[in-house]
Chemist: 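Quick one: structure below, then a few questions.
By convention here, the first residue in the shown sequence is residue 1. Only heavy atoms go into these numbers, but all of them, side chains included; no hydrogens, no water, no symmetry mates. Small disclaimer: the values here were computed from a predicted structure and weren't measured.
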Amino acid sequence: ELSSGEQIVLDKSVNQKIQSAEGLIVGIDSTNTIAITHAGDSVKASEKPNRIYVPVGGEYSIILCDGTKVWVNSDSRLTFPNHFYGPERTVELSGEAYFQVRHDGKPFIVKTKHSAIRVLGTAFNVCCYKDEASEQITLVKGAVKVKVGKKNYPLRPGEQLRSNPDSNTVEIR
């Protein structure tokens, strides 16, 4: 679903090139990779974000406009802007995704229903399905800071944070 409200059903069997009214170009190849680019300065800042919904059994990878790569798993939803304006790059996730964040000096923030993960450039997995009580953030490399409630939890490579808002618990292992 593009920021314009236009909904596009992706066809895995063919390469697609889609251009929105705002100038956003979405390219999809046969490996289920979606590349978000734009046609120069013709892209207008939109208050409404783009969304990708991955159905049960599906999987897509996305290259965001800043070069960050995201692998979105089955039964997941990722919300992201046409372009990252301002001091932070923010996306929203429901479900599961693996992120390889491109370092560019601006913090990258992944918001979930119960937490916010803040990074500069790193690789990590987030699992936050809406029908599961807990969320899991697993750091592969780099460093992240996970905010749950009002408290921040730094993670090192190889660590996993599991939070459960129902029981008000946070565990790092």
Side-chain angles (χ1 to χ4, degrees), residues 1-8 10 17-28 33-54 60-73 76-130 135-157 159 161 163 165 170:
E1 181 180 320
L2 299 178
S3 59
S4 63
E6 180 182 3
Q7 293 187 354
I8 300 162
L10 303 177
K17 183 177 178 183
I18 302 152
Q19 184 158 359
S20 72
E22 294 94 1
L24 179 74
I25 297 172
V26 181
I28 298 112
T33 299
I34 302 166
I36 308 300
T37 60
H38 59 84
D41 294 331
S42 65
V43 173
K44 300 172 189 149
S46 174
E47 290 184 19
K48 188 173 180 193
N50 301 294
R51 290 184 180 87
I52 181 164
Y53 306 97
V54 179
Y60 271 91
S61 57
I62 300 173
I63 302 171
L64 299 176
C65 60
D66 68 342
T68 293
K69 295 178 184 175
V70 186
W71 287 262
V72 184
N73 207 355
S76 299
R77 176 182 296 174
L78 181 70
T79 303
F80 55 94
N82 289 341
H83 187 73
F84 293 110
Y85 295 98
E88 297 176 338
R89 302 171 288 165
T90 303
V91 299
E92 294 179 17
L93 175 70
S94 173
E96 183 175 14
Y98 177 79
F99 293 83
Q100 282 186 340
V101 178
R102 184 172 169 264
H103 180 76
D104 81 347
K106 291 182 184 181
F108 189 92
I109 298 169
V110 178
K111 290 184 177 181
T112 68
K113 185 175 179 179
H114 301 290
S115 62
I117 301 103
R118 184 179 186 87
V119 301
L120 286 174
T122 192
F124 61 100
N125 191 76
V126 179
C127 186
C128 59
Y129 285 101
K130 62 185 171 197
E135 292 185 355
Q136 297 175 33
I137 294 94
T138 306
L139 182 61
V140 176
K141 69 177 187 175
V144 299
K145 193 182 296 182
V146 182
K147 184 175 183 178
V148 180
K150 294 183 180 181
K151 191 167 179 187
N152 288 306
Y153 300 89
L155 293 181
R156 295 185 304 240
E159 289 184 331
L161 180 140
S163 67
V170 174

Chemist: To the closest 0.5 Å, what do you measure between NZ (Lys111) and OG (Ser94)?
Modeler: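 If I round to the nearest 0.5 Å, the distance is 15.0 Å.
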Chemist: Just by modelled atom types, is the His114 backbone N or O under 3.5 Å from a matching donor or acceptor in the Glu135 side chain?
Modeler: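 Yes; at least one donor-acceptor contact below 3.5 Å.
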Chemist: Return the CD to CD1 distance between Gln100 and Ile63, rounded to the nearest 0.5 Å.
Modeler: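 Reported value, rounded in 0.5 Å steps: 10.5 Å.
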Chemist: Just to verify, what does Glu88 make a salt bridge (charged side-chain N to carboxylate O under 4.0 Å, His left out) with, not counting sequence neighbours?
Modeler: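 Expected list: Arg118.
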Chemist: Apply the side-chain contact (heavy atoms from CB on, under 4.5 Å) test between Tyr153 and each candidate in Ile117, Val144, Val148, Ile137; give the one that qualifies.
Modeler: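 It is Val148; the other options fail the test.
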Chemist: Step by step, work out the side-chain contact (heavy atoms from CB on, under 4.5 Å) result for Asn82 and Asn50.
Modeler: CA-CA 7 Å; Asn82 289 341; Asn50 301 294; 2.6 Å; yes
Chemist: Would you compute the distance between atom OG of Ser115 and atom CD1 of Ile109 and round it to the nearest 0.5 angstrom?
Modeler: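 It is 12.0 Å, given to the nearest 0.5 Å.
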Chemist: Provide the closest heavy-atom pair for Leu155 versus Leu139 in the form atom of the first, atom of the second, distance.
Modeler: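 Of all heavy-atom pairs spanning Leu155 and Leu139, the closest is O-CD2, 3.2 Å.
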Chemist: Grab the two heavy atoms, one from Leu78 and one from Phe80, that are nearest each other, plus how far apart they are.
Modeler: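 For Leu78 and Phe80, the tightest heavy-atom pair comes out as O-CD2, 3.9 Å.
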Chemist: Where do Pro157 and Val140 come nearest, in terms of heavy atoms and distance?
Modeler: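 Scanning both residues completely, I find the closest heavy atoms to be CB-O, 3.5 Å.
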Chemist: Should Asn73 and Val54 count as side-chain neighbours, where that means a heavy-atom distance under 4.5 Å?
Modeler: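 Side-chain contact under 4.5 Å: no.
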Chemist: Parallel, tilted or perpendicular: which one describes the rings of Tyr98 and Trp71, with boundaries at 30° and 60°?
Modeler: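 Tyr98 and Trp71: tilted rings.
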Chemist: Given Phe108 and Asp66, is the side-chain contact (heavy atoms from CB on, under 4.5 Å) satisfied, shown in steps?
Modeler: CA-CA 10 Å; Phe108 189 92; Asp66 68 342; 4.1 Å; yes
Chemist: Can you tell me how far OG1 of Thr79 sits from CD of Glu1, rounded to the nearest 0.5 angstrom?
Modeler: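 Separation between the atoms: 8.5 Å.
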Chemist: Would you give the length of the straight line joining atom OH of Tyr129 to atom CD of Gln136, rounded to the nearest 0.5 angstrom?
Modeler: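 Interatomic distance, Tyr129 OH to Gln136 CD, rounded to 0.5 Å: 11.0 Å.
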Chemist: Output all residues satisfying salt bridge (charged side-chain N to carboxylate O under 4.0 Å, His left out) with Arg77, sequence neighbours left out; order by chain, then residue number.
Modeler: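 If we apply the salt bridge (charged side-chain N to carboxylate O under 4.0 Å, His left out) test to Arg77, skipping adjacent residues, there are no hits.
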Chemist: Just so I know, are the side chains of Phe99 and Val119 near enough to count as touching, which here means a heavy-atom distance under 4.5 Å?
Modeler: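 Not in contact.
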Chemist: Show the nearest heavy-atom pair for residues Ile52 and Tyr60, with the distance to one decimal.
Modeler: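 Shortest heavy-atom separation between Ile52 and Tyr60 comes out as CD1-CB, 4.1 Å.
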Chemist: Which atom pair, heavy atoms only, marks the closest approach of Val170 to Ser163?
Modeler: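 Between these two residues, the closest heavy atoms are CG2-CB, 4.1 Å.
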Chemist: Mind checking what makes salt bridge (charged side-chain N to carboxylate O under 4.0 Å, His left out) contact with Arg156, not counting sequence neighbours?
Modeler: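 Checked Arg156 against salt bridge (charged side-chain N to carboxylate O under 4.0 Å, His left out); matches are Glu159.
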Chemist: Answer yes or no: does atom NZ of Lys106 have more than 12 heavy-atom neighbours from other residues, nucleotides or ligands under 6.0 Å?
Modeler: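 Above 12, so yes.
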Chemist: Provide the closest heavy-atom pair for Arg102 versus Thr68 in the form atom of the first, atom of the second, distance.
Modeler: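 Distance-wise, the nearest heavy atoms are N-OG1, 3.2 Å.
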Chemist: I'd like to know if Asp104 and Arg89 make a salt bridge, using a cut-off of under 4.0 Å between side-chain N and carboxylate O.
Modeler: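 Salt bridge between Asp104 and Arg89, a charged N being under 4.0 Å from a carboxylate O: yes.
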